[in-house]
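Shown next, in structure tokens, is the structure this report addresses.
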There are 2 protein chains.
Amino acid sequence: MERSTRQSAAIRAALAAAARPLSPAEVLDAARAEVAALGMATVYRTLKALVDEGAIQIVSLPGEPPRYESSAHGHHHHFRCDACGKVFDVPGCPGDLGDLAPPGFVVDRHEITLYGRCSGCVAPRS
Amino acid sequence: MERSTRQSAAIRAALAAAARPLSPAEVLDAARAEVAALGMATVYRTLKALVDEGAIQIVSLPGEPPRYESSAHGHHHHFRCDACGKVFDVPGCPGDLGDLAPPGFVVDRHEITLYGRCSGCVAPRS
DNA sequence: ATAGATGCAAAGAGTTTGCATAGGT
DNA sequence: ACCTATGCAAACTCTTTGCATCTAT
């Protein structure tokens with residue numbers, strides 16, 4: 001059975017509140033605001049449980065630690081700034097991409113990551 | 001200076017020959033066909049050097065080890081089979097996705113990963 | 001009261017680094 | 001001959017697991 005503990009509530013809250021995917025370390029930091037004695041192991045265990053039940057998703061980018069985000073944020077994609085390294089949520093979606101796949105392949109879902117420079121880094125940091 | 005050694009040649013060859021991204025362990029295996037005494041450290045060092053010089057790219061998918069592939073394969077995307085876990089190259093590309101990003105963001109490049117079932121796993125493995 | 005969740009610390013897996021040696025130039 | 005890349009093994013980092021304790025039910 002699932003038990004509702006302050007720890008897992010804090011972790012869920014941290015992810016739900018974030019507007020961008022969080023790394024395990026960031027989740028730990030954020031959740032410690034509510035539960036000071038929170039341990040890393042609990043973060044990992046809870047994240048794994050949340051992934052299994054589909055409440056959150058893993059976002060993984062080359063050369064970076066995995067990040068987690070709430071599935072409740074809906075279908076969206078990500079943008080990584082090559083200058084500052086931050087990862088942002090991108091609202092749009094080009095739609096069904098099933099026809100890209102080779103014949104015989106069935107596409108259930110897709111992930112798009114854009115790379116470039118975010119508004120902050122594009123601007124002539126005046 | 002760059003020195004041409006059998007080891008790095010074997011690693012480059014393994015990546016160039018592969019029709020799909022390889023994990024470090026797979027690269028090691030493949031390259032050992034040519035250089036039996038090849039060490040893991042050399043694989044990592046060479047992969048890093050190749051990434052730095054832009055010859056290969058990292059492909060990273062959630063919950064899986066990083067994979068590397070030759071940049072020479074041209075622009076394409078990836079398909080991961082949820083059934084067998086293999087990652088395939090996908091030739092097509094929907095084109096420029098710059099308009100997906102929020103205003104002020106500059107998109108240089110994009111990555112698309114499709115998820116579903118590959119032809120082998122879709123077919124009633126008759 | 002019971003059983004699952006937690007926290008600490010140790011164990012694992014994957015990756016990186018130090019240093020003596022082999023091998024390319 | 002010189003000097004870089006290699007190979008081995010130790011060091012690191014990130015993640016998972018064991019176990020006694022705590023706590024929600």
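Just so you know, these numbers use all the heavy atoms, side chains as well, and skip hydrogens, waters and symmetry mates. In what follows, chains are A, B, ... by sequence order, proteins preceding strands, each numbered from 1.
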Report yes if at least one side-chain N or O of [X] is closer than 4.0 Å to OP1 or OP2 of [N]; otherwise report no.
| X | N | result |
| --- | --- | --- |
| Thr5(B) | dT6(D) | yes |
| Gln7(A) | dC22(D) | no |
| Ser8(A) | dT6(C) | no |

Could you state the [atom1]-[atom2] distance from [X] to [N], rounded to the nearest angstrom?
| X | N | atom1 | atom2 | value |
| --- | --- | --- | --- | --- |
| Ile11(B) | dA5(D) | CD1 | P | 13 Å |
| Tyr44(B) | dT13(D) | OH | C1' | 13 Å |
| Glu64(B) | dA13(C) | CD | P | 18 Å |
| Arg32(A) | dG7(C) | CZ | P | 9 Å |
| Leu50(B) | dA5(D) | CG | C1' | 13 Å |
| Lys48(A) | dG4(C) | NZ | P | 18 Å |
| Leu28(B) | dT16(C) | CG | C1' | 15 Å |
| Met40(A) | dC14(D) | CE | P | 8 Å |

Does a side-chain heavy-atom distance below 4.5 Å link Ser71(B) with Gln57(B)? yes
Are Val107(B) and Phe79(A) close enough that some pair of their side-chain heavy atoms sits under 4.5 Å apart? yes
Of Arg6(B) and Pro65(B), the one whose nearest nucleotide on DNA chain C sits closer to the 5' end is Pro65(B)
Starting at the 5' end of DNA chain C and moving along, which residue's nearest nucleotide shows up first, Ala41(B) or Ser4(B)? Ala41(B)
Applying salt bridge (Lys or Arg N to Asp or Glu O under 4.0 Å), run through Lys48(B) and Glu53(B) and close with a yes or a no. CA-CA 9 Å; Lys48(B) 187 177 219 178; Glu53(B) 73 185 56; over 6 Å; no
For a quick check of understanding: with a heavy-atom distance under 4.0 Å over all strands, which category does Ala25(B) fall into, base, sugar-phosphate or nothing? nothing
Heavy-atom donor-acceptor pair, Arg45(A) side-chain to dG4(C) base, under 3.5 Å: no
Mark yes or no for a side-chain to base donor-acceptor pair under 3.5 Å between Arg3(A) and dA3(C), with no hydrogen or angle criteria applied. yes
Checking His77(A) against His75(A): is there a side-chain donor and acceptor pair closer than 3.5 Å? yes
Side-chain donor-acceptor contact under 3.5 Å, His78(A) with Glu69(A): yes
